[in-house]
Amino acid sequence: MAAPASDTLLQQFTGRKTRGVLRFVILGLIAGAAVSSRLFSVIRFESIIHEFDPWFNFRATKYLVQNGFYSFWDWFDDRTWHPLGRVTGGTLYPGLMVTSGVIYHALRALTLPVDIRNICVLLAPGFSGLTAFATYLLTSEMVASPSAGLLAAAFMGITPGYISRSVAGSYDNEAIAIFLLVFTFFLWIKAVKNGSMFWGALTALFYGYMVSAWGGYVFITNLLPLHAFVLICMGRYSPRLYVSYTSWYALGTLASMQIPFVGFLPIRSSEHMSSLGVFGLIQIVGFVEYVRVQLPNKQFQTLLRALVFVIFVVAFGGLVVLTVSGTIAPWSGRFYSLWDTAYAKIHIPIIASVSEHQPTAWPAFFFDLSMMIWLFPAGVYMCFRSLTDEQVFIVIYSVLASYFAGVMVRLMLTLTPIVCVASAMAFSQILDTYLDAKIPEQGAKENGSSDPAKVAAAVLPDGLRSTRNPLVGIYSYASRLTVIGASTVYLMLFVLHCTWVTSNAYSSPSVVLASRLPDGSQHIIDDYREAYYWLRQNTPDNAKVMSWWDYGYQIGGMADRPTLVDNNTWNNTHIATVGKAMSSREEVSYPIMRQHEVDYVLVVFGGLLGYSGDDINKFLWMVRIAEGIWPEEVKERNFFTQRGEYRVDEEATPTMKNSLMYKMSYYNYNSLFPAGQATDRVRGVRLPAEGPQLSTIEEAFTSENWIIRIYKVKEPDNFGRDHQSATAFDKGHKKKRASKRKGPRVLRVE
Amino acid sequence: MRWLQLLTVSVLPLVALAAKKPSGDRFSDFRSKSLSSGNLKLDDNVYTQLTKAPRDYSVVVLLTALETRFGCTLCREFQPEWDLLSKSWQKGDKKAESRLLFGTLDFVDGKSTFQSLMLQTAPVILFFHPTVGPDAKVDAQPVRFDFTAGPQSAEQIHAWVARQLPASSPKPSVVRPINYVKIISVTTAVLGLITFVTVASPYIVPVLQNRNLWAAFSLIGVLLFTSGHMFNHIRKVPYVSGDGKGGISYFAGGFSNQFGLESQIVAAIYGVLSFATISLALKVPRIADARAQQIAVFIWSGVLLCMYSFLLSVFRIKNGGYQFWLPPF
Amino acid sequence: MRSFSSLLSCIAVLSSFAAAELNLSQPLLSKQVLASTFKPPQVFKNVNLVRTTNLDKGFPRETINVIIENVDAKPQSEYYLPFESSLISRVGGLEVKDKKSPEKGALRVEVVGFDTASSTEFYLIHLPTPLAPKEQQTLSISYSVLSALKPVPAQISQADKQYVQYTFSVYTPSAYLTEKQKTKVKFPSADVPDYTTVSAELNAEKKADPQKQGSTFSYGPYDNVPAGAEELVSVRYEFTKPIAHASLLERDIEVSHWGGNLATEERYWLSNLGASLKNHFSRVEWQKQSYMNPPTTALKALNVPLAAGALNPYFTDDIGNVSTSRFRTGKRESNLELKPRYPIFGGWKYSFRVGWDADLNTYLRKLSTGESYVLKVPFLEGPKSPEGIQYERIHLRVILPEGATNVKYSTSVPIVDSHTDIHKTFMDTIGRSSLTLTAINLVDDFRDRDLIVTYDYPWTAGFRKPIVITLGAFVVFTAAWVVGNLDTSIGKKKVA
């Protein structure tokens with residue numbers, strides 16, 4: 001945080017070269033801090049890909065690196081969504097993979113043998129450094145004070161709101177997208193200020209990159225037009241705006257249409273219509289302005305204005321009509337649920353089921369932004385002081401982004417950059433004021449400073465008129481010390497907060513769990529990889545694994561086996577099928593699994609360890625999603641007891657007890673405990689004395705802490721019996737030996 | 001003698017008629033009853049009448065508790081939807097080909113029925129399949145619909161009912177009556193607004209171009225959203241709730257939930273904090289008088305410190321593990 | 001150095017041999033192809049032969065002590081040892097010593113055989129000094145047979161004992177008349193449920209055959225067994241241990257003069273040849289029996305003793321670090337205890353990699369001649385366990401620093417292929433010369449054999465990289481400067 005201090009010390013220095021160098025050094029340090037604060041997980045655990053989606057990106061990147069760009073472009077992946085398969089090349093945002101692919105090949109060209117995994121793991125931290133730099137540029141465009149930029153860069157570097165998605169190993173689209181977002185905005189501002197086609201084109205270029213990288217590009221697609229529109233409404237239309245906007249829109253749209261996944265959306269879907277509309281509007285306005293300059297006739301101008309208005313209305317109506325008639329696709333579900341917040345809950349349970357699509361409570365804001373959350377409004381307010389074009393941009397961005405962030409937790413990410421910029425502006429304002437060395441002479445002393453009214457008036461600021469009376473400066477060192485001291489403390493606190501949050505909340509790669517042993521030493525729980533590696537090594541290469549969609553990507557990435565459904569939830573029915581298989585009786589599930597050629601079923605069970613993110617806790621979503629497709633066969637109601645409780649113990653409903661998921665989770669579990677003592681440590685309940693019996697599937701592998709349990713789907717019985725009777729028969733024979741070997745074991749009584 | 005025979009002969013059909021009259025087709029007369037208001041208003045014995053086997057028609061009964069003293073908001077919310085559904089169904093198949101009846105049994109008229117069904121909750125919808133006839137079901141047990149997923153729209157119930165009926169029978173869709181009043185009022189309002197704007201533009205435009213106004217708006221917006229207002233809106237959290245000991249707890253326990261009042265308090269804190277910042281940054285350096293400036297600096301710094309420390313203390317309530325704090329709180 | 005020359009000859013032969021390219025299915029041997037009419041000349045006879053078959057490891061180890069006598073008129077130096085061609089591809093580490101003077105080291109041995117149609121192939125043993133007529137000499141021939149143990153029954157349940165079966169000829173295969181011979185079979189335990197009995201007539205002392213003393217059986221003695229006689233017997237004994245078998249071991253040794261570091265990385269493709277599980281793996285059972293740990297067929301842990309001074313080791317597999325490993329450093333040797341992610345039962349596989357660093361000075365010596373160095377590293381390290389581990393194929397690659405020339409090597413391990421090529425890494429310009437050696441059918445008894453590599457490394461070569469990097473950086477800066485001075489503005493308007 002030495003940035004502002006040292007930078008204002010530079011007031012004494014002369015020669016911008018020294019300053020430039022110093023600024024460069026500071027930025028370097030900031031980037032260093034940004035990168036290093038994201039390495040907690042690598043240091044604590046290892047260089048490993050985190051969570052779920054990153055595993056797909058990682059897999060795709062490996063595919064790209066091995067098979068080259070073109071085969072990646074039209075990659076049909078038959079190892080996911082079995083038996084449908086997925087046109088992966090056409091349904092992903094390739095920006096991330098291509099980026100790391102390029103880096104990989106560049107390093108190879110230098111004959112640096114870097115593992116692609118390490119590139120993927122460290123990509124996000126690396127780009128966070130760039131993001132800090134981009135933030136610096138953006139902020140420097142906003143205000144004159146150079147310290148603001150550096151401060152903003154520092155904020156951006158370490159704020160948890162951004163770290164949450166960019167720690168080492170979280171190899172997700174956001175890793176590079178945020179840098180692109182900020183940098184595109186910077187270029188846009190630059191373009192609007194200079195009105196140069198060059199900057200406009202650059203904006204379009206990076207916009208294209210952004211489109212290729214993240215679905216969130218829609219945010220830019222709507223924010224820039226909004227900015228332009230507001231400027232026009234404020235009567236600030238200028239050729240600069242015209243040049244920058246048109247060059248951006250024309251080139252940017254073309255660029256975005258090069259991505260197969262986006263294709264013709266820019267002219268077909270409502271999300272993009274605003275930019276198109278503003279494009280049209282700006283043409284008209286431009287024309288009108290031109291004519292107005294040519295013939296300055298009052299009535300004629302009003303006529304023209306009317307003309308503009310009419311055309312605008314007509315065009316808008318046209319858009320509406322096209323949307324209704326279906327030529328233009330209506331809002332996509334995810335996007336629509338931003339406005340109609342109840343939409344997803346009713347219509348798209350899959351979207352609602354994802355935790356990061358929940359609304360944000362205020363602690364989350366403070367958690368991610370700390371002090372900046374209250375510096376932010378101040379910064380926004382200061383933008384109103386001299387409302388230049390770029391500051392208008394800040395205002396719009398702030399309001400919109402804070403709305404989105406409020407609706408969806410994950411969109412906190414888009415809010416963070418502007419928060420950093422705005423609060424840096426506010427904070428640097430303070431620092432610049434109170435670190436200013438020169439003391440104003442007491443000119444205004446004699447005109448009765450002592451009368452209390454003035455003092456009172458001084459204490460209460462009033463709106464923007466606060467900037468009316470002339471800037472004087474700070475008289476006493478006492479006040480300087482107070483404010484600077486306080487700010488330093490706040491900054492320190494901010495750094496502490498960020499570090500604490502990062503290390504505690506955002507640095508665990510949910511693939512590997514860490515627990516503390518009684519003696520305080522760290523113990524690593526590696527069940528996921530244990531089971532996945534077992535699958536990878538000891539099952540046939542094309543064994544189909546059925547699991548809930550959360551684990552699809554991990555199975556694809558780590559176990560390298562075909563899956564039925566995965567985190568790319570493009571086919572609701574297929575997911576519902578799996579949900580149905582999980583939530584219905586064995587007799588129902590078995591045909592489903594056979595039809596889908598399932599060889600192994602994988603469930604996550606936290607009961608032994610008290611690991612709460614397991615499948616029983618996600619079970620209701622499976623039921624709901626299945627019920628959405630088969631309302632008659634799967635009923636959520638039947639999984640609740642009469643009193644409407646969701647239970648797994650003795651009182652659990654028969655439907656619950658007979659569901660495949662329940663059986664697979666608790667199969668053989670109570671033989672770990674003395675009879676009748678089996679307890680589920682997540683739900684914290686005593687389990688029924690008699691464990692569930694399985695007939696159509698058999699336990700194939702269970703990880704060390706029982707977190708992952710893998711079951712093999714039996715082949716049809718040789719004698720053509722159904723599996724129930726077959727198992728019953730076998731048990732009848734095994735009785736003696738079984739009881740001898742395994743001590744007390746409850747046998748099913750037919 | 002003869003005429004007597006004649007008489008009997010002539011009377012017999014009448015008798016038959018007379019005998020026939022009361023025991024007419026249950027479906028048709030129930031339907032004729034229900035024609036007036038779409039669905040039948042039931043009480044205990046009508047309910048038993050309606051649903052007793054043998055039945056060659058199907059019945060949908062809504063068991064509800066409309067009176068305010070039961071405090072069943074869900075019932076009252078759902079009632080109009082229900083009426084709409086039954087009405088539009090009746091309109092839909094005039095000739096009653098679906099052989100489906102709608103009935104509503106309020107708790108006050110049907111206590112014993114509620115008890116016999118052992119219902120603790122309302123509303124509940126029961127669907128009785130016909131017990132005789134082509135599409136009869138073997139189990140006489142009615143299909144039950146619980147409102148577990150909260151309030152339902154007529155369309156959703158319609159879909160559910162349609163699923164119960166055999167594929168052959170007609171399923172007239174729900175037609176919502178066009179609300180002319182609303183349309184007219186809206187259009188007039190819009191037109192009025194436009195005229196007002198055009199007339200009053202000289203007075204409004206300066207207001208619209210007033211920075212302070214816009215600044216206020218955007219700041220309020222930002223403060224609202226960043227203090228989790230959307231969360232309240234979506235999750236419909238209670239405004240405030242009492243703690244066990246009769247007092248009011250302003251702050252909900254747990255990191256990811258909050259009360260309405262809580263978020264407003266937080267918004268206020270943010271507001272004060274940023275206000276202090278603004279005045280420190282912009283206002284104070286413009287104070288010509290040294291002493292006044294001194295005082296202002298101290299006051300605002302003090303406010304800043306206290307508020308921030310208070311905010312931290314509140315956050316410590318929400319997040320147990322949080323360890324940072326500032327004096328005085 | 002003799003073995004070295006012999007190796008060179010092998011290589012010379014090999015280079016002419018067509019099937020030089022390696023593939024795992026067909027183990028490659030260096031062999032001379034003889035006419036199919038070839039019959040070893042009957043110039044020797046085995047006066048007395050004692051064979052000891054040691055079965056306490058996961059692979060049988062044969063030791064043949066034979067007194068041979070020259071029955072020919074002229075001195076003879078070529079002794080032939082026949083094998084089934086199916087067997088010879090699994091025979092590993094065959095070594096012949098002169099019993100009288102073992103300190104002379106191993107005799108020169110090479111594989112000869114008929115063209116592919118033949119069923120018998122020979123090891124040709126070159127006696128150091130031709131044996132004069134009527135002279136006798138005692139040879140001790142030792143080798144081990146890989147993947148020769150067959151679990152019977154092939155499927156057992158998790159807690160059961162494992163029984164394996166070994167089939168061999170009770171007459172030691174020989175190309176010459178054997179006057180007197182017997183075979184000792186050493187079992188790991190006395191639990192030998194089934195074994196073939198040979199009829200007493202064949203036995204010289206007309207005793208019941210075999211004779212048992214505790215865990216040792218002895219077949220024979222037999223008199224005057226003609227050349228090439230064969231009598232298959234098979235024994236089935238308890239062996240409740242994992243049969244670890246590495247289908248491939250890749251071993252890289254990287255020398256860095258700048259870092260003064262010797263980096264070793266080993267990649268294993270491991271599998272357990274034991275009896276597979278009848279039912280699936282049951283964690284409950286496993287946890288229950290883990291308290292009192294009974295002998296099991298599952299491979300629970302691997303113990304890799306490393307030389308003293310081994311630094312920062314790692315144990316990873318395809319999906320990252322395996323957290324369950326421990327490393328103990330000691331004065332004389334440090335020990336790396338690897339625990340696979342899951343217990344490896346019969347039929348299960350586990351592939352992984354381990355690596356570590358070491359101080360170069362303990363392995364490298366600079367010769368007085370100036371620019372040439374001598375590197376002495378163990379040919380084979382890796383896990384050490386009582387039940388042993390067998391390697392079907394080993395690729396050892398020694399990566400020397402950039403600019404090393406004139407690479408020579410010598411080792412006492414039988415090598416089937418060797419070549420040097422270029423390996424580019426870490427900003428090399430011309431690449432480093434790397435020596436690749438291939439050996440097959442080794443067992444962990446070869447752990448203590450050394451590999452000695454000599455090469456020349458001029459001191460100037462050390463400075464190539466710094467210079468290259470400096471130049472590169474300079475070029476980059478210039479380019480940046482040039483680009484920075486470009487003016488992209490259109491027309492007279494100057495961009496701020």
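Note on naming: letters A, B, ... go to the chains in the order of the sequence lines (proteins, then strands), and numbering restarts at 1 for each one.
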Peer 1: Hey, is OH on B/Y250 packed in by over 12 heavy atoms from elsewhere, all under 6.0 Å?
Peer 2: no

Peer 1: Looking at A/Y475 and B/A288, would you say the former's side chain and the latter's main chain have a donor-acceptor pair under 3.5 Å?
Peer 2: yes

Peer 1: Taking the side chain as every heavy atom from C-beta outward, state whether A/T360 and B/M230 have any pair of such atoms under 4.5 Å apart.
Peer 2: no

Peer 1: Can you see which heavy atom on B/R235 is nearest to which on A/P359, and at what distance?
Peer 2: NH2-CD, 3.7 Å

Peer 1: Need one label for B/R144: side chain, backbone, both or neither, based on atoms under 4.5 Å from any heavy atom in chain A.
Peer 2: neither

Peer 1: For the interface with chain A, which of B/N257, B/L304, B/L223 has the highest count of heavy-atom pairs at distances below 4.5 Å?
Peer 2: B/L304

Peer 1: Please list, in residue-number order, every residue in residues 366-375 of chain A that has a heavy atom less than 4.5 Å from any heavy atom of chain B; write 'none' if there are none.
Peer 2: A/F366, A/F367, A/S370, A/M371, A/I373, A/W374, A/L375

Peer 1: Non-hydrogen atoms of chain B under 4.5 Å away: do they reach the side chain of A/T433, the backbone, both or neither?
Peer 2: side chain

Peer 1: Yes or no on side chain to side chain contact (heavy atoms under 4.5 Å, CB included) for A/Y490 and B/L305, after CA distance, side-chain angles and deciding distance?
Peer 2: CA-CA 9 Å; A/Y490 296 154; B/L305 182 66; 3.6 Å; yes

Peer 1: I want to check something: taking the side chain as every heavy atom from C-beta on, are A/W362 and B/F315 in contact at a cut-off of under 4.5 Å?
Peer 2: yes

Peer 1: Count the heavy-atom pairs under 4.5 Å between each of A/N504, A/L496, A/V483 and chain B, then report the option with the highest count.
Peer 2: A/L496

Peer 1: With a 4.5 angstrom heavy-atom cut-off, is it the side chain or the backbone of B/L219 that approaches chain A, or both, or neither?
Peer 2: side chain

Peer 1: Can you list every pair that meets side-chain hydrogen bond (donor to acceptor under 3.5 Å, both in side chains) and has a residue in residues 311-329 of chain B, with sequence neighbours left out?
Peer 2: A/H497-B/Y322, B/E262-B/K318

Peer 1: If I compare all heavy atoms of B/R211 with all of A/R385, which pair ends up nearest, and what's the gap?
Peer 2: NH1-O, 2.7 Å

Peer 1: Sequence neighbours excluded, which residues qualify as ring pair (Phe, Tyr, Trp, His ring centres under 6.0 Å) partners of B/H158?
Peer 2: B/W89

Peer 1: Begin from the C-alpha positions of A/L493 and B/L312 and carry the test side chain to side chain contact (heavy atoms under 4.5 Å, CB included) through to its verdict.
Peer 2: CA-CA 11 Å; A/L493 198 61; B/L312 285 178; 3.6 Å; yes

Peer 1: As an exercise, state the distance from OG of B/S218 to CG of A/L400, rounded to the nearest 0.5 Å.
Peer 2: 12.0 Å

Peer 1: Return the minimal non-hydrogen interatomic distance between B/F255 and A/A361, and the atom names on each side.
Peer 2: O-CB, 4.4 Å

Peer 1: Are A/V395 and B/W214 close enough, and set up right, to give a side chain to side chain contact (heavy atoms under 4.5 Å, CB included), and what steps lead you there?
Peer 2: CA-CA 10 Å; A/V395 174; B/W214 284 104; over 6 Å; no

Peer 1: Taking only residues two or more places apart in sequence, or in another chain, which ones meet B/W160 in a ring pair (Phe, Tyr, Trp, His ring centres under 6.0 Å)?
Peer 2: B/F145

Peer 1: Quick one: which of A/P363, A/A405, A/S476, A/A378 has the most heavy-atom pairs under 4.5 Å with chain B, could you say?
Peer 2: A/P363

Peer 1: Between B/V266 and chain A, with a heavy-atom cut-off of 4.5 Å, which part of the residue counts as in contact: side chain, backbone, both or neither?
Peer 2: side chain

Peer 1: With chain B, which of A/A486, A/C383, A/G379, A/G406 has the greatest number of heavy-atom pairs at distances under 4.5 Å?
Peer 2: A/G406

Peer 1: Taking atom CZ of B/F196 as the centre, does the number of heavy atoms from other residues, nucleotides or ligands within less than 6.0 Å exceed 12?
Peer 2: no

Peer 1: Taking all heavy atoms of B/A215 and all of A/Y381, pick out the closest pair and write down the distance.
Peer 2: CB-CD1, 4.5 Å

Peer 1: Which is it for B/L326 and A/V489 under the side chain to side chain contact (heavy atoms under 4.5 Å, CB included) test, yes or no, and what are the steps along the way?
Peer 2: CA-CA 9 Å; B/L326 277 174; A/V489 170; 4.0 Å; yes

Peer 1: Taking A/Y434 for its side chain and B/L280 for its backbone only, find out whether a donor-acceptor pair lies under 3.5 Å.
Peer 2: yes

Peer 1: Under 3.5 Å, is there a donor-acceptor pair between the side chain of A/Q429 and the main chain of B/I278?
Peer 2: no

Peer 1: Does CD belonging to A/E645 count more than 12 external heavy atoms closer than 6.0 Å?
Peer 2: yes

